[in-house]
Number of protein chains: 2
Amino acid sequence: MNNRLKVLRAERDWSQQDLADRLEVSRQSVNAIEKGRYDPSLPLAFKIADVFEMAIEDIFQRD
Amino acid sequence: MNNRLKVLRAERDWSQQDLADRLEVSRQSVNAIEKGRYDPSLPLAFKIADVFEMAIEDIFQRD
DNA sequence: ACCAAATGACAAACAAGCTTTACATCAAGC
DNA sequence: GCTTGATGTAAAGCTTGTTTGTCATTTGGT
């Protein structure tokens, strides 16, 4: 899965830590997901979609 | 997370095994997800959305 | 009543997601 | 050159997701 986290963060000028705080996960999780080292769980994907006010499909794409 | 798998299967007259075959996962996984014992991974959620030709958000809802 | 298919559940084992801690690198500002 | 904030990575440990195997129960058809 690809994701647009880095861009979406940049658009809002959020650090990985800022996003991690909003998602209530560790900064390392945000980093790992952003770098594609693993995919978020479905609940976390929903939370991410909430935070960015977008559909999951508009944030994550199959590769 | 709630999900509409049972209904969506019923609409198509698919058994859990039928769906499992299409998703390329075990029947036990379909059963467990359907019964809410755990949530699918994000990649599997995407596959489910593909199979039903629906958005993830229209199949899974936060509870 | 019988049979077969479908469903629900559990256990053991392994894979993937997430946490904390910790360390290294990089860029910006002073 | 030093400090600070942001980023990338790694190890160890816990939790969650998925598999295979197995069994019990339910349901539909004949």
Side-chain angles (χ1 to χ4, degrees):
Chain A
M1 314 239 41
N2 288 337
N3 70 72
R4 310 207 310 119
L5 254 48
K6 189 164 188 169
V7 172
L8 296 174
R9 265 197 318 110
E11 286 173 354
R12 290 159 181 76
D13 195 24
W14 291 348
S15 67
Q16 291 181 347
Q17 184 64 63
D18 290 335
L19 177 54
D21 290 345
R22 289 169 199 265
L23 296 174
E24 298 176 290
V25 298
S26 68
R27 179 184 67 82
Q28 285 80 350
S29 290
V30 169
N31 183 267
I33 292 165
E34 192 167 305
K35 302 294 291 181
R37 298 204 285 113
Y38 55 72
D39 298 316
S41 66
L42 185 58
L44 182 50
F46 265 88
K47 224 167 180 178
I48 292 170
D50 283 356
V51 164
F52 289 119
E53 295 179 303
M54 298 176 65
I56 290 179
E57 286 86 350
D58 293 330
I59 302 175
F60 297 91
Q61 298 95 24
R62 329 196 69 162
D63 37 18
Chain B
M1 314 241 35
N2 288 337
N3 70 72
R4 309 208 311 119
L5 286 186
K6 190 165 189 168
V7 171
L8 296 173
R9 264 196 319 109
E11 287 173 353
R12 290 159 181 78
D13 196 23
W14 291 349
S15 68
Q16 292 182 347
Q17 184 64 62
D18 291 334
L19 177 55
D21 290 344
R22 290 171 199 264
L23 297 173
E24 297 176 290
V25 297
S26 67
R27 180 185 67 82
Q28 285 82 346
S29 289
V30 170
N31 182 266
I33 292 165
E34 191 168 308
K35 300 297 290 182
R37 297 205 281 115
Y38 54 72
D39 299 316
S41 66
L42 184 59
L44 182 49
F46 265 88
K47 225 167 180 179
I48 293 171
D50 283 355
V51 163
F52 289 118
E53 295 180 301
M54 298 175 65
I56 290 178
E57 285 86 350
D58 293 330
I59 301 175
F60 297 91
Q61 296 96 24
R62 330 195 69 159
D63 36 21

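Order of the sequence lines fixes the chain letters, A, B, ..., with proteins taken first and strands second; residue numbering starts at 1 for each chain.
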Interatomic spacing from [atom1] in [X] to [atom2] in [Y] - rounded to 0.5 Å:
{"X": "A/Lys6", "Y": "A/Lys35", "atom1": "NZ", "atom2": "NZ", "value": "5.5 Å"}
{"X": "B/Asn2", "Y": "B/Leu5", "atom1": "CG", "atom2": "CG", "value": "11.0 Å"}
{"X": "B/Phe46", "Y": "A/Leu42", "atom1": "CZ", "atom2": "CG", "value": "9.5 Å"}
{"X": "A/Met1", "Y": "A/Ile33", "atom1": "CE", "atom2": "CD1", "value": "12.0 Å"}

Legend entry - Rounded to 10 degrees, the angle between the two terminal axes of the helix from C/dA1-D/dT30 to C/dC30-D/dG1, each from five pairs: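 End-to-end axis angle: 40°.
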Inset, instruction - May I ask you to list the residues of residues 2-10 of chain A, by number, that have any heavy atom positioned under 4.0 Å from an atom of DNA chain C? - result: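 Close to the strand, none.
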Legend entry - For DNA chain C, the residues among residues 12-22 of chain B that have a non-hydrogen atom under 4.0 Å from it: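 Going residue by residue through residues 12-22 of chain B, the ones with a heavy atom under 4.0 Å of DNA chain C turn out to be B/Ser15, B/Gln16.
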Inset, instruction - Apply side chain to side chain contact (heavy atoms under 4.5 Å, CB included) to the pair B/Val25 and B/Lys47, showing each step before the final yes or no. - result: CA-CA 10 Å; B/Val25 297; B/Lys47 225 167 180 179; over 6 Å; no
Inset, instruction - Output all residues satisfying side chain to side chain donor-acceptor pair (under 3.5 Å) with A/Ser41, sequence neighbours left out; order by chain, then residue number. - result: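 Not a single residue meets the side chain to side chain donor-acceptor pair (under 3.5 Å) criterion with A/Ser41.
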Inset, instruction - Keeping to residues at least two apart or across chains, list the salt bridge (charged side-chain N to carboxylate O under 4.0 Å, His left out) pairs with something in residues 7-19 of chain A. - result: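 Output for this query lists A/Arg9-A/Glu34.
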Inset, instruction - Ignoring backbone atoms, establish whether A/Asn31 has a side-chain N or O less than 4.0 Å from OP1 or OP2 of D/dG8. - result: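 Checking D/dG8 against A/Asn31, a side-chain N or O does come within under 4.0 Å of OP1 or OP2.
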Inset, instruction - Look at the side-chain N and O atoms of A/Ser29 and state whether any lies under 4.0 Å from the OP1 or OP2 oxygen of C/dC18. - result: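 For A/Ser29, the contact criterion (side-chain N or O under 4.0 Å from OP1 or OP2 of C/dC18) is not met.
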Inset, instruction - Could you list by number each residue of residues 40-54 of chain B showing a heavy-atom separation from DNA chain D of less than 4.0 Å, or answer none if no residue does? - result: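 Heavy-atom cutoff 4.0 Å gives B/Pro40, B/Ser41, B/Leu44.
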Inset, instruction - Identify, with sequence neighbours excluded, every residue that meets salt bridge (Lys or Arg N to Asp or Glu O under 4.0 Å) alongside B/Asp50. - result: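 Only A/Arg62 meet the salt bridge (Lys or Arg N to Asp or Glu O under 4.0 Å) criterion with B/Asp50.
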Inset, instruction - Go through C/dG8, D/dT9, C/dG17 for me and flag the one nearest to the B/Glu34 side chain. - result: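 The nucleotide sitting nearest to the side chain is C/dG8.
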Inset, instruction - State which of D/dT9, D/dT18, C/dT19 makes the closest approach to the side chain of A/Lys35. - result: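 Selected nucleotide: D/dT9.
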Inset, instruction - Could you pull out the closest heavy-atom pair between B/Ala49 and B/Ile59, with the gap in Å? - result: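 Closest heavy-atom pair between B/Ala49 and B/Ile59: CA-CD1, 3.7 Å.
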Inset, instruction - Over all heavy atoms of both residues, which pair between A/Ala45 and A/Ile56 is shortest? Give the atoms and the distance, please. - result: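 In this case the closest contact between A/Ala45 and A/Ile56 is O-CG1, 3.9 Å.
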Legend entry - Donor-acceptor contact present, side-chain A/Asp39 to main-chain B/Pro43, <3.5 Å: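 It does not hold such a pair.
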Inset, instruction - Kindly write out the residues that satisfy side chain to side chain contact (heavy atoms under 4.5 Å, CB included) with B/Gln17, not counting sequence neighbours, or none if the list is empty. - result: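 Once residues adjacent in sequence are excluded, the partners of B/Gln17 under the side chain to side chain contact (heavy atoms under 4.5 Å, CB included) criterion are B/Ser15, B/Ala20, B/Asp21, B/Arg27.
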Inset, instruction - Under the side chain to side chain contact (heavy atoms under 4.5 Å, CB included) rule, collect the residues that match up with B/Arg22, sequence neighbours excluded. - result: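 Per chain and number, B/Arg22 pairs via side chain to side chain contact (heavy atoms under 4.5 Å, CB included) with B/Trp14, B/Val51.
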Inset, instruction - Write out all pairs satisfying ring-ring contact (aromatic ring centres under 6.0 Å, His included) with one or both partners inside residues 15-40 of chain B, taking only residues at least two apart or from two chains. - result: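 Found none.
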Legend entry - nucleotides 21-30 of chain D: protein proximity per nucleotide (B base, S sugar-phosphate only, - neither; heavy atom, under 4.0 Å): BB--------
Legend entry - Sugar-phosphate or base contact per nucleotide [nucleotides 25-30 of chain C; S, B, -; heavy atom under 4.0 Å]: ------
